[in-house]
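As the structure lists them, so they are numbered: ligands from 1, and atoms in each ligand from 1.
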Amino acid sequence: MDELKALSLLERKVVWLATWMIHNANHVRPNLDGMKVGGHQASSASLATIMTALYFSVLRPQDRCAVKPHASPIFHGIQYLLGRQTRAKMENFRGFGGAQSYPSRTKDGETVDISTGSVGLGAAFTIFGSLMQDHLEAKGALKGQPLGRFVALVGDAELDEGNIFEALLEGWKHGLRNCWWIIDYNRQSLDAIVREGLHGPIVSLFKSVGWDIVVLKYGDLLEEAFAEPGGDVLRDWIDRCPNQLYSTLAFQGGAAWRARLLDEIGDQGPVSALIERRSDEALAALMTNLAGHDMAALLRSFRAIDHDRPVCFLAYTIKGFGLPLQGHKDNHSGLMTVAQTETLRDAMQIRAGHEWDKFEGLAREEAALTRFLTAVPFAATDKRHHKAATLALPDWVPAEPSTTAISTQHAFGQLMHALARSDGELAARVLTMSPDVTVSTNLGAWVNRRGLFGRRELVDLFRAQRVPSTQKWDFGPTGQHLELGIAEMNLFLALGAAGLTHSLFGERLIPIGTLYDPFIARGLDALNYACYQDARFILVATPSGVTLAPEGGAHQSIGSPLIGMAQPGLVSFEPAYADELAVILQWSFGHVQEDDGGSVYLRLSTRMIDQPRRPMNPDLARQIVEGGYWLRPPGPNPDLIVAYSGAIAPEAIEAVGLMAEDRRDIGLLAITSADRLYHDFQAACRAREAGDGAAMCAVEQLLCVVPQHCGVVSVVDGHPAGLGWLGSVRGHRQRALGVERFGQTGTAADLYRHNGIDAAGIVRAGASLSRNRPIRHLRHIA
Ligand SMILES: Cc1ncc(C[n+]2csc(CCOP(=O)(O)OP(=O)(O)O)c2C)c(N)n1
Ligand SMILES: [Mg+2]
């Protein structure tokens, strides 16, 4: 059997499997709660030819693909035919433990290279995946592995997402290569038909950032018809036909095409004969023969690419192609009826009860197709998720306690400098990156030593010309810092890609990204996406909170500690002191490499604060990593404790000092990670509920020395809810202080006072918790 025949049969089978998978989930599988299950039959059919061509012929094992999320059923169907997906999972599509609604690396496993779901992100990820491949190759880490292409299957409406533009520009800056985007130009979004002429801006956009453009508009049937007498008139009609009309006619079918064409161009001589020569069925097939559904045309175009420049294929398609839903503007979440499904089943000669059988209806071709499938190049390996060796932790001894005041941001810079000077394997695999805030987040010393990554050398002319500058900004293949533009989305996409190299390429990077804490929000969906893919990275965010006083409300973060707590796959810390940070960073280097580890977010500060003079010991280090320790343990009978996180430590210490005048047993709890304490607490609760009566967690251990009647004041330069749960651990009354209003300019002292998180505010809160106590302390600090 020739390839074209095999692919055409497989394409039909793939459409059937996708359609049936969705039908089964919605109409066959018992539905216990009456909720619509959903699935996207039309969006799937739109990509069926392209994905069949790619997976069964064009892709090579080293290529990686981000599939348009709502083409997931096609993807699962293809994997099933390749023997990498089970019938049970497909029968349970969109069910608990079943094949996922949108392809997921972590849930669907080995078959999925790049998760998708939130449109725009999977496509953009391919750009950063390819950059990481370049970085590893330049380091010699790929050891001759062939370079793969990063391929994105992109919906046309997906291009509306702003992150697409940001990523394209960033790719252009880095000389992107080995990247293909195939745009499913069905001219339909979820709600509607897209604007006329959208192909124009799409083509200029990709051209402007240096991509090759291949417009795949007409299939071979149409091209042949254009060569017939009158064909030029037909072509001209198609080119002028508004998207809405084309879609409507595609939905209505052959008779409607004929009526419309004859009405509009039927009096123009030979074209009438061209139309009349064809039956309704043949006319419908001709008019919907767009290149995105023409296997031969697709194969030719894909195979013609013999270079590594980025290529955008703009493939004209019809949403719902080949299904009764085709072209209808409401087809995005439309489902075929039972009768329509049965008609399709009969047309494919599939017997009832044999819907999942791979070769049902293809008995005569079964042997040839089986041979074809075993020879598919992409399927030469089924090992798509790799494992990488664990890198030994750096053997730096946490820096000597600083004798001068220092900020956690500054301490981070010092630690990175120490790492830059070391020569361990881990340091060699660190890749830092920052969205245009490298210097202001204190990565300067690291970059000066390790250089910037670029496939080609680019010398810092200021340095070459001996113009004094604190920064060496030299690029080269061995550089270990990725200079990114300001777009925070790109930072998280790049961290996501760098944080998956162990799995994508079997070679580990330790990505460290720095940015301004408030602007985490700008890239939040990409951060969530990176964590969803189980990417491993360390995120270092400074400055943070209203402590960044004179910068004002536009730069002061409030909710970020809650982001850190609420984000699965990301452990957050907010240390106050340099020695805490050293311990946490060391732990983070291990955590990002553990099988069941995750990523880390460090919320740091630019506030210089006096450091405790203390030797680090294993017990303290353990507590710092667990999330908290007593900076001042409570005495035997305290009636108040203060718990704080981060740079607000001096206020908490001052307040405790003031209150200690008449409350000698008052305790001061340093919380280095509310996130870890909280999740550990939840885990202990679950363990006890599951019958493990002895389960106990770090925060319970810390608070077990605090009597029941004692009050708890918590304080953080961030939203108070971050620590607001502490009282619930053992039933203590609590007053949670923090920031709940937009910030504004001022000194840190002004803003602490304004938000009631200064020492006086802490004292007032403490006094209010024990009603019998007058607020005497306030006199001292008025
Ligand atoms: C960030 C984000 N916003 C909204 C959605 C919901 N959504 C899913 S598909 C879609 C329309 C996609 O249209 P297009 O990309 O043209 O794909 P088609 O179904 O036409 O192939 C929308 C709005 C989403 N998945 N992600
Ligand atoms: Mg579309």
Geometric N/O contact Ser118 with ligand 1, under 3.5 angstrom | no
Residue Asn186 vicinity, atoms of ligand 1 by number, heavy atom under 4.0 Å = 18 (P), 20 (O), 21 (O)
Could you tell me whether His40 approaches ligand 1 through its side chain, its backbone, both or neither, with non-hydrogen atoms closer than 4.0 Å?
-> neither
Those atoms of ligand 1 less than 4.0 Å from some heavy atom in Lys319 = 18 (P), 19 (O), 20 (O)
Ring geometry between Phe93 and His76 (parallel below 30°, tilted from 30 to 60°, perpendicular above 60°) | perpendicular
Near the Mg ion (ligand 2), is there an N/O/S atom from Gln188 that is less than 2.8 Å away?
-> yes
Could you check Trp181 against Trp211 for ring-ring contact (aromatic ring centres under 6.0 Å, His included), going step by step and ending with a plain yes or no?
-> CA-CA 10 Å; Trp181 282 16; Trp211 288 50; 5.3 Å; yes
Answer with side chain, backbone, both or neither: which part of Asp184 has a heavy atom less than 4.0 angstrom from an atom of ligand 1?
-> side chain
Within-cut-off N or O pair, Ser46 and ligand 1, under 3.5 Å = no
Using the ring-ring contact (aromatic ring centres under 6.0 Å, His included) rule, take Phe313 and Trp180 through it: C-alpha gap first, then chi angles, then the decisive distance, then the call.
-> CA-CA 8 Å; Phe313 297 90; Trp180 282 9; 5.0 Å; yes
Just by modelled atom types, is the Arg240 backbone N or O under 3.5 Å from a matching donor or acceptor in the Asp236 side chain?
-> no
N/O of His70 under 3.5 Å from N/O of ligand 1, yes or no?
-> yes
Taking just the N, O or S atoms of Asp156, which one is nearest to the Mg ion (ligand 2)?
-> OD1
